[in-house]
Amino acid sequence: MLKILAAVAALVLPTAAFAQTTSPEPVQVMVLGVPHLDNPGRDVNNARIDPVTTPEKQAELARIASDLARFQPTAIAIESLARDPSTMIDHRFADYSPDWLLSRPDERIQIGYRLATLAGVDRGYAIDEKDRDGEPSYFPYGEMMAWTEANGRAGELQAMNGEVRAFLADLEQRQRTETLGALLAGINAPGVAMSTDNVSMYYGFLRFGAGEDFPGAELNGRWYTRNAVIFAKLMQVARPGDRIIVMFGAGHAYWLRHFASTTPGYVLVEPTDWLSGR
């Protein structure tokens with residue numbers, strides 16, 4: 001019996017040791033939810049952010065970059081489309097000049113490019129996913145709204161939008177009394193209903209539908225798919241041991257955090273562990 005156990009151990013132990021030595025380092029992913037600083041107005045509900053090119057706001061953004069640089073990122077991935085989807089390289093980053101900071105309020109520049117320069121990051125990726133011709137929208141909100149209007153449920157949808165507008169109104173007010181660092185830390189705190197934990201809002205849309213028409217479920221499925229594709233793109237460029245900052249609009253935070261925390265080989269990093277809130 002002892003000889004049999006010894007033989008089994010001889011087979012198992014080298015295999016286990018080999019697995020330990022070849023297991024790749026996990027990829028650490030910090031999902032940084034950000035407000036759109038240049039006020040593009042592309043979402044259903046939008047916050048108006050005061051100009052960030054002033055000396056005061058530039059100093060606040062510099063502190064944010066300094067805080068995040070302590071994470072020692074090896075790559076930064078932003079909410080933008082890559083010119084070459086086979087590489088996901090952010091072609092705009094190569095053209096970046098610090099003087100952009102005084103004329104372009106875009107958060108990808110103000111936080112993403114500023115941070116990359118400060119931290120010496122030379123791998124910048126554009127991993128966004130947008131609607132494609134001939135395919136359903138990734139956010140078919142119009143179809144859902146039309147269904148609520150046709151079925152006497154528009155008031156419910158308006159009430160849900162009221163909660164979002166209240167959150168954004170509070171954000172607009174806070175930006176006038178708090179630093180951008182404090183604002184960013186607040187948006188990225190775990191459990192925030194309109195950013196890091198906004199799934200309950202999206203799941204609330206599931207109530208809209210009946211019979212064979214379920215636009216709320218369709219919206220949830222398509223929004224999930226867009227974020228799944230975004231994370232899949234990240235996986236194409238991630239390397240073992242990477243420390244990647246993924247910077248997207250705060251509405252993407254829940255699902256991107258979900259993928260970072262549940263995908264094998266990936267670990268979610270909390271931005272609030274690195275943001276000082278100054």
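Predicted model only: the values in this text are computed from it and were never measured.
- The pair Arg257-Glu270 meets the salt-bridge criterion, with a side-chain N (NZ, NE, NH1 or NH2) lying under 4.0 Å from an Asp/Glu carboxylate O.
- A continuous path of Ile, Leu, Val, Met, Phe, Trp and Tyr side chains, each step under 4.5 Å between heavy atoms, connects Tyr224 with Val246, placing both in one hydrophobic cluster.
- A salt bridge is absent between Asp106 and Arg104: the closest approach of a Lys/Arg side-chain nitrogen to an acidic carboxylate oxygen does not fall below 4.0 angstrom.
- Proximity of Met201 to Glu163: side-chain heavy atoms (C-beta onward) are nowhere separated by under 4.5 Å.
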Determine all donor-acceptor pairs shorter than 3.5 Å in which one atom belongs to a side chain in residues 202-218; sequence neighbours excluded.
| unit_1 | atom_1 | unit_2 | atom_2 | d |
| --- | --- | --- | --- | --- |
| Arg207 | NE | Gly204 | O | 2.9 |

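- The aromatic rings of Trp100 and Tyr113 are tilted relative to each other, their planes meeting at an angle between 30° and 60°.
- In this structure the side chain of Met247 never reaches within 4.5 angstrom of the side chain of Glu79, judged on heavy atoms.
- Hydrophobic clustering, with ILVMFWY side chains joined whenever heavy atoms are under 4.5 angstrom apart, keeps Leu102 apart from Val52.
- Using a 4.5 Å heavy-atom cutoff, the side chains of Trp223 and His252 are in contact.
- Side-chain contact between Leu234 and Tyr125 is absent, with no heavy-atom pair separated by less than 4.5 Å.
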task = Quick one: do Asp242 and Thr74 satisfy side chain to side chain donor-acceptor pair (under 3.5 Å)? Show the steps, please.
result = CA-CA 6 Å; Asp242 260 343; Thr74 55; 2.7 Å; yes
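- Using bins of under 30°, 30° to 60° and over 60° for the plane-to-plane angle, the ring pair Trp255/His258 lands in the perpendicular bin.
- Side chain of Arg222 to backbone of Pro136: a donor-acceptor contact under 3.5 angstrom is found.
- Under the 4.5 Å side-chain heavy-atom criterion for ILVMFWY residues, no single connected hydrophobic cluster contains both Tyr138 and Tyr141.
- Rounding to the nearest 0.5 angstrom, the gap separating the CD1 atom in Ile76 from the CG atom in Leu32 is 9.5 Å.
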